[in-house]
Amino acid sequence: MGMKFAMEADALIQHGQKTETEHGDLGSLVRDLVAAADPIMKDFNGPGRAAFNTFKLKADSISNQLNSALAGILRSVGEQNNAFVAAADESQDLYQSSMAGANFDAAVAKNV
């Protein structure tokens, strides 16, 4: 059985735009997580507190790494869109050149 894949022409562009919006929020969400945990820090003890302190110290680095990774994904989405657009344009050009060279009158005459 064959499988059909259909995608709207602007699907990757829309995906990229949504991801771009979320990209700006990602770093602030990490910092918000650290700030939200501050009130309960007094309840942490032992290894749990040490692990959170380590996370807190690395929050900016983690935020930057996440933002960099997401930026890479955005570049990839943009390149995928460029590839899909180029392939669609190439297919259209090939179809049009094939249609221009077709002799439909001969095909109709054979079936008469």
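Index from 1, following the sequence. Only this structure's heavy atoms are used, side chains among them; waters, hydrogens and symmetry mates stay out. The shown structure was predicted, so the numbers you read here are calculated from the model rather than taken from an experiment.
Interatomic distance, Asp60 CG to Lys58 NZ, rounded to the nearest 0.5 Å: 13.0 Å.
No chain of hydrophobic side-chain contacts below 4.5 Å, direct or via other Ile, Leu, Val, Met, Phe, Trp or Tyr residues, connects Leu57 to Val34. In this structure, Val30 is a member of the same hydrophobic cluster as Ile40, with clusters built from ILVMFWY side-chain heavy atoms closer than 4.5 Å.
For Ile73, the side-chain contact (heavy atoms from CB on, under 4.5 Å) partners two or more places apart in sequence, or in a different chain, are Leu70, Val77. Evaluation of the side-chain hydrogen bond (donor to acceptor under 3.5 Å, both in side chains) rule for Glu79 yields no partner, not counting sequence neighbours. Contacts of Arg75 classified as side-chain contact (heavy atoms from CB on, under 4.5 Å), with partners at least two apart in sequence or in another chain: Ala71. Residues forming a side-chain hydrogen bond (donor to acceptor under 3.5 Å, both in side chains) with Arg31 (at least two apart in sequence, or on another chain): Ser63. For Asn64, there are no side-chain contact (heavy atoms from CB on, under 4.5 Å) partners at least two apart in sequence or on another chain. By the side-chain hydrogen bond (donor to acceptor under 3.5 Å, both in side chains) test, Asp38 is found to be paired with Lys56, residues two or more places apart in sequence or in another chain being considered.
Remark: Glu90 CD is loosely packed, at most 12 non-hydrogen atoms of other residues, nucleotides or ligands lying under 6.0 Å away.
A distance-only check finds a donor-acceptor pair linking the side chain of Ser91 to the backbone of Ala87 [under 3.5 Å].
Smallest separation of non-hydrogen atoms from Arg49 and Lys42: NH1-CA, 4.1 Å.
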